[in-house]
Amino acid sequence: MLIVQKYGGTSVGTIDRMRAVARRCLATQRQGHDVVVIVSAMSGETNRLLALAAEIQAHPDPRELDVIGSTGEQVTVALLTMALLELGVKARSYTGWQVKVLTDSAFTRARIVSIDEERIRADLNDGTVVVVAGFQGIDGKGNITTLGRGGSDTSAVALAAALKAEECQIYTDVDGVYTTDPRLVPEAQRLHTITFEEMLEMAGAGSKVLQIRSVEFAGKYKVPTRVLSSLTDPDLPVTEEAKAGTLITFEEDPHMAMEKAVISGVAFQRDEAKITVKDVPDRPGIAYAILGPIADAHIDVDVIVQNVGHDGMTDMTFTVGRADYAKAMKILKDKVQPHIKCREVSGDERIAKVSIVGMGMRSHAGIAAQMFRTLAEEGINIQMISTSEIKITVVIEEKYTELAVRVLHKAFELDQV
Ligand code: ASP
Ligand code: MG
């Protein structure tokens, strides 16, 4: 059976750690598995490379940025392969374009279109461990592309999907997915399983364990994906190891659902900003007139609230990442305001989003009320609210983030799961 393993930057951060990774690959192979390994660049390396580019061009040319950014992974595949060879394991490294991982041409955030598995299959059939560079691909015209920060997760899940692997194991510096960030709430618990839908909402709501696109891929192709720690004993059998991680599942097992807490996690995102466009005419096309130019500038908008119209006028408020705030304000003031003749564009750069996520929300009433009461008891004002079937997000003043996360974690008894 085929196992795809992905190791992040910390897991290959030193030569010793790479040796440990090689031992784990060997242990997996000894269990009778075919092994494909995806690696990231050594920790800090991608940042270093991108900073070099920024020294020359304030806004580096995206095509060239990908040529630079992709080199970190080329180093790790070769080093890890050497470590495997030293252990007497047959191994061979490949870059993304050798394999080949075909992507679209959106430099720095390309999407995978297809993967040609032929070469990998041939190696596997002959007992070779295949080591593939994460984060990178090639577009239809032969240009090097990268998949966005954290993109090696997506490389791994996409390869696992293409190869129909039994499991995609994402090894990282945490030992799984937690009910919230343990750095903020020490009582946070590791989840043994999480559904793909919850994982997607958690990633979208700020949980940084996996790149969101990798979760989308896992869901689309039903790739059993497991998050686990690479910092444990590398010679341990994989099945033992597996018990320690978090498995992303695709159906909610009704028995488990009954025992499970209603909420699976509390996610948060600081670095957010909110923008309000006041007194715009309440007529068709207004939301598009405001948000169209923002989308054209590739700025992601999240919580969007439009007031009920009054006297033919209405207000619209939405959030953007703080890094995009200045750009979004400029577009609205220079391009949108003169066109739609709204009264005012104002904003607040000191907000955060806090979300509770859980499949249990579907079958339990009163979850939102419990969330709002918990925040009210701490005197935390809710500025905006948005909901999905399995997530409730509130926008609050940034300084209350930690408090909000703590009290919600406790209120929903996540310290006891
Ligand atoms: N090395 C790339 C990054 O730092 C990709 C990855 O680590 O997944 O974003
Ligand atoms: Mg990562």
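Please read these numbers as outputs of a predicted model, since none were measured by experiment. All ligand and atom numbering here is 1-based and tracks the order in the structure.
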Inset, instruction - Please confirm whether Ser152 comes within less than 3.5 Å of ligand 1 when only nitrogen or oxygen atoms on both sides are compared. - result: yes
Legend entry - Nitrogen or oxygen of Ser40 less than 3.5 angstrom from that of ligand 1: yes
Inset, instruction - Please test Leu2 against Glu166 for side-chain contact (heavy atoms from CB on, under 4.5 Å), starting from the C-alpha separation and ending with a verdict. - result: CA-CA 6 Å; Leu2 173 66; Glu166 192 196 352; 5.7 Å; no
Legend entry - Side chains of Arg190 and Asp175 in contact at under 4.5 Å (non-hydrogen atoms): yes
Legend entry - Close approach, Gly151 and ligand 1, non-hydrogen under 4.0 angstrom: yes
Inset, instruction - Give the numbers and elements of all ligand 1 atoms closer than 4.0 Å to a heavy atom of Glu73. - result: 1 (N), 2 (C), 5 (C)
Legend entry - From Thr179, Asp181, Thr374, residue fulfilling side chain to side chain donor-acceptor pair (under 3.5 Å) relative to His409: Thr179
Inset, instruction - With heavy atoms of Arg149 as the reference, note each atom of ligand 1 found under 4.0 Å away. - result: 3 (C), 4 (O), 9 (O)
Inset, instruction - Go through ligand 1 atom by atom and flag the ones less than 4.0 Å from a non-hydrogen atom of Gly150. - result: 3 (C), 5 (C), 6 (C), 8 (O), 9 (O)
Legend entry - Lys/Arg-Asp/Glu bridge criterion (N-O < 4.0 Å) met for Glu216, Lys220: no
Inset, instruction - Run through Asp153, Thr154, Thr172 and flag the one making a side chain to side chain donor-acceptor pair (under 3.5 Å) with Lys6. - result: Asp153
